[in-house]
Amino acid sequence: ITEDPAALKDEGNTLFKAGDMQGAVCCYTKALKLTDNQAESAVLYRNRSACYLKLEEYNKAETDASQALDVDPGDMKARFRRAQAFQKLGRLDQAFLDVQKCAQMEPKNKAFQDLLRQLGSAQLSSTDARVQQMFSLLLDASANDSDRQKAAQNLVVLSREEAGAEQIFRNDGVKLIQKLLPSKQEEVVLSALRTLVGLCTGHQSRTMAIVNELGMEQLCAVMGSGASTVSLAACHLLQVMFEALTEGMKREIRGKDEAILPEPSKELRSMLRHLLEMMPACNVSGPGRDSAINLLVKQVPRKSLKNPDNSLTLWVIDHGLKKILEVAGTVPELSEGPHLTDNSHMSCSVLLSKLYDDLKSDKERENFNKLCEEYVHQPGLGAKLRAIQTVSVLLQGPSDVGNRTLEMSGMMDAVISLCASEDVIHQQVAVEALIHAAGKAKRASFITANGVSLLKDLYKKSENDRIRVRALVGLCKLGSAGGTDFSMKQFAEGSTLKLAKQCRKWLCNESLPPTSRRWSVEGLAYLTFDADVKEDFVEDKNALLAMFELTKVCLSEDKTVLFAVGSTLVNCTNSYEVEKPDPQLVELAKYAKQHVPEEHPKVQLVKLLEAGVVSALGCMVKQESPALTEACRECIARVFLALVQRQEDRGTVVAQGGGKALIPLALDNTDVGKIKAAQALAKITITSNPEIAFPGERIYEVVRPLVSLLSLECSLLQNFEALMALTNLAGISDRLRQKIIKEKAVPKIEGYMFEEHDLVRASATECMCNLVLSTEVQKLYVATGNDRLKLLVLYSGEEDERLRKAAAGTLAMLTAEQPELCARIPTTTTHWLEIIQALLLSEISDLCHRGVVIIQNMMQAEKSLAETLMESEALEILSVLAKGGEGKPVPITKIAQNCLDKAVEYGIIRSSEGKEKCKGTEP
């Protein structure tokens, strides 16, 4: 059997001509295993691709043709074969592109032109034919359900392509979709809604037409239907519509189609009016109402307070605040009133808070307060109950408004009296109001004086678990009024431990409904301020597992557990901000017998990690709910930062999905939350392989949060960690370097190169060392009129070893990539030669290596530079280095010898033994 690739190729060609395709494939495959020559491999792949086409193995034909094109993109035979394979595989777009390139290169080739014409006409008609086919199936009442569902799903895929979306729209597709919306098949309705999403995304004119044709009544009716999946899909469609219309309003220049359209503000207000009308409507489902509230949260308040226009918020308050308060004041257990889910009240709190925060003046805020007080101030027992429920919702949202409403005459007395009611629902509403009212220390002390005995009686004597668990939470909240300072507790020593033990017992009791168990987490959120409580809780693995499991269960139903879990974990990890008092002032305060806050040491985080805290946090981050407020996101970010403090725990956090969860937290959060999440990302990026921690495209999303830490508002530690992390990323690929440059990080990094702190200055220089691999950064150093090069030369002579390595490494790379910089080095400082010689003489091999590379680059750049260097002590040092020995690394010896060889080539020194010769004499 021959082992010669060329002979095997010839044999394969002979078999191909004879029609023996399998034999030819066998020969080409053997030849590929034997050859190392890329050009030969490309020909073999191309030939084998032709065989696979004949054998109708089109996937293999495409793969082989692509392999050949990877080596030689100009191989027209390979490209044509790939086009043929794509055609057979139905990938007409890709086939068209390939054969188009072939025809451009060889316009007289008949085979290329024939296939181009064939594919061109197929492309034009294929989209139209697909649309007509889908429509026919969906309109055919006799077609079976599975075929209709497939057709509906295919329509969704088609709508995501611009050509397909336009074709659906122009073929009266909206009217057809309108007929599908009342369908009893959930999959068909979902496909219809998703198709509309494809038609509306980023296209204002189509969105305007669809809103007018379908009408908001029908869309709101679909969103208000019983099925939560359909409701969410309709909510997503309306959100896309809102975005398409608002983006259209922002554009200064519109396309031709849009130029004739009026401003869409009228349509926007119509959409908002319909959403507000959904609030109190009894025919709207609970999930549908939550979706409407969610849309109002996202679309009404200003995205940035820099935008002066809050007219949408004012319009919603004037036309719909009382409708929102009707939802807030609904007691779900009573038969009357709109349907609510477990999340409705929390969603209302978030919406009311967002609207109130968006107000600009005292006059606007006073109007908001007045409307709330008018709603609450209604006569009758039923109205009083709704009023207390409304106050509860307000206390969880715009708390200033809630407190003011609670201070209305008789309101607090009504809460206390209803707590003693024999009606369980009345008790429940009143106890919840009492819990939310105990938010401030002043009010907590008032309730302690007036309501603690009442709550204790309810807890001990009530036969209803719902009342008992809520009374327990009320006691927990009052018992934790001193916060982290355990010497200012409202209750006697040991009481909080007893309350916490009962909370853990309720939490682990699986026979209780999740909503009742959620209240026990609320209790722990308050009690875990106490160090002994948090220590016991973290040691109780069953309680931790129960809380994390409850988190996952409740997220599908009762999302209000999010903040309670987040707060509990913040307390358990001690990741809240604590202002440290001046030690001298503390001693003086003690001497004067003044109160000094006392703290307990941090608890270990290992047990939380073992219990699966990271996966629970990851589930929380994924939630698309108003309950995942910015405050809640900040809690989660604080916990993540605490979890990655120890280097040995970071691998566990990454393995459990922490890296993926942190990115959205760093981009959408409070200002503090963004910094905490970004710092956690930095810590992971420093010690883990970023390509493993953030696989695929996710690695590029890490750059912006890291760059945000390069700010004067951040601490030096955060600056340092961000620089270290960016250094790692900049060393991975040019695309990542481009992303860092695009985020405008280079000027910030240069600023930190002047920082007084040694570590920060060195890390900034290291980051620049990796960034100079980019030609864009190199151009900054090539540009005249700046001291960038001078700074690198001077830093190469500093005492700080890390800084010297970074600066000399940057200089070595720059002089290699941009030889013109070599001639400018002597102009930077009169000490340049001493600095480079000191690098050569360094006992640290990394510094010595960088020194010889710089010398080599300078000598290769210009003969005059080589002469200057050879006239100095550098020649003697290089001669010694070139001899090796004394543990000198081989690369240093080799480069030193190259320098001497270059000097010989220039005729500056003799070749014999590297000894110097007189300049200007003949050998």
Taken in chain and number order and not counting sequence neighbours, the residues that satisfy salt bridge (Lys or Arg N to Asp or Glu O under 4.0 Å) with Lys9 are none

Thr63 meets the side chain to side chain contact (heavy atoms under 4.5 Å, CB included) criterion, sequence neighbours left out, with none

For Glu62, the salt bridge (Lys or Arg N to Asp or Glu O under 4.0 Å) test, sequence neighbours excluded, returns none

**Prompt:** Hey, is Glu11 close enough to Lys30 for a salt bridge, meaning N to O under 4.0 Å?
**Reply:** no

For Phe694, the ring-ring contact (aromatic ring centres under 6.0 Å, His included) test, sequence neighbours excluded, returns none

By side chain to side chain donor-acceptor pair (under 3.5 Å), Glu701 pairs with (sequence neighbours left out) none

Whether the side chain of Thr207 engages the backbone of Cys200 through a donor-acceptor N/O pair (distance < 3.5 Å, no angle test) should be reported. yes

Applying side chain to side chain donor-acceptor pair (under 3.5 Å) to Tyr28 and not counting sequence neighbours gives Asn13

Would you give me the side-chain donor-acceptor pairs under 3.5 Å for residues 851-858, sequence neighbours excluded?
{"residue": "Gln856", "atom": "OE1", "partner": "Asn898", "partner atom": "ND2", "Å": "3.4"}
{"residue": "Asn857", "atom": "ND2", "partner": "Ala812", "partner atom": "O", "Å": "3.0"}
{"residue": "Asn857", "atom": "ND2", "partner": "Thr815", "partner atom": "OG1", "Å": "2.8"}
{"residue": "Asn857", "atom": "ND2", "partner": "Val853", "partner atom": "O", "Å": "3.3"}

Practice problem: Answer yes when Glu776 and Arg737 have at least one side-chain N-carboxylate O distance shorter than 4.0 Å, and no when they do not. | Solution: no

Applying salt bridge (Lys or Arg N to Asp or Glu O under 4.0 Å) to Lys744 and not counting sequence neighbours gives none

**Test log, rule side-chain contact (heavy atoms from CB on, under 4.5 Å), inputs Asp901 and Glu905** = CA-CA 6 Å; Asp901 292 345; Glu905 185 186 320; over 6 Å; no

Hits for ring-ring contact (aromatic ring centres under 6.0 Å, His included) against Phe86, two or more places apart or cross-chain, chain-then-number order -> none

Residue pairs passing the salt bridge (charged side-chain N to carboxylate O under 4.0 Å, His left out) test with at least one member in residues 41-51, sequence neighbours excluded, are Arg46-Asp75, Arg48-Asp64

Asp10 meets the salt bridge (Lys or Arg N to Asp or Glu O under 4.0 Å) criterion, sequence neighbours left out, with none

For residues 97-106, the side chain to side chain donor-acceptor pair (under 3.5 Å) pairs (sequence neighbours left out) are Arg79-Asp98, Arg82-Asp98, Glu106-Asn109

